[in-house]
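To start, the structure itself, in structure tokens.
Predicted model only: the values in this text are computed from it and were never measured. Numbers here are sequence positions counted from 1. The basis for the numbers below is simple: all heavy atoms, side chains too, and nothing from hydrogens, waters or symmetry mates.
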Amino acid sequence: MDFQILAKGIALAGSAIGAGLAQIAGIGPGIGEGTAVAKACEAIGRQPECKSDVTSTLILGVALSETTGIYGFVTGLLLIFVAPGMFMNFLA
């Protein structure tokens, strides 16, 4: 009986730690998108006639890099709300 309580506590702690680590994935896209926007503004400042090309490429790149943050967010939500129930059913 005590082993099951300990196993449930370890499973819940693992889910919480994993969810916290998954949320760190939001830092990378934030830094990358900020750098991309800064470089795009710099490029438009140097050659204003290329504004449409730079803007379209920027939007595509930001959208692709944002998926990394979204994957981390979804993983964190799954670890918070779905995984503990699955672990408890497995340990029961």
Measure across Ala22 and Gly76 and return the closest heavy-atom pair with its distance rounded to 0.1 Å.
CB-N, 3.8 Å

Between Pro84 and Leu79, the two heavy atoms sitting closest are CD-O, 3.2 Å

Which residues pass the side chain to side chain contact (heavy atoms under 4.5 Å, CB included) test with Glu33, sequence neighbours left out?
Pro29, Val62, Ser65, Glu66

Decide whether Phe73 and Ile80 are clustered together by the hydrophobic rule: side chain heavy atoms of Ile, Leu, Val, Met, Phe, Trp, Tyr closer than 4.5 Å, transitively.
yes

Apart from Ile24 itself, members of its ILVMFWY cluster (side-chain separation under 4.5 Å) are Ile17, Leu21, Ile27, Ile31

For residues 43-58, the side-chain hydrogen bond (donor to acceptor under 3.5 Å, both in side chains) pairs (sequence neighbours left out) are Glu42-Arg46

Could you identify which residues cluster with Leu64, counting Ile, Leu, Val, Met, Phe, Trp and Tyr as linked when any side-chain heavy atoms lie under 4.5 Å apart, either directly or through a chain of such contacts?
Leu60

Residues that Tyr71 engages under side chain to side chain contact (heavy atoms under 4.5 Å, CB included), provided they are two or more places apart
Thr67

Remaining members of hydrophobic cluster (4.5 Å side-chain criterion), Ile44
Val54

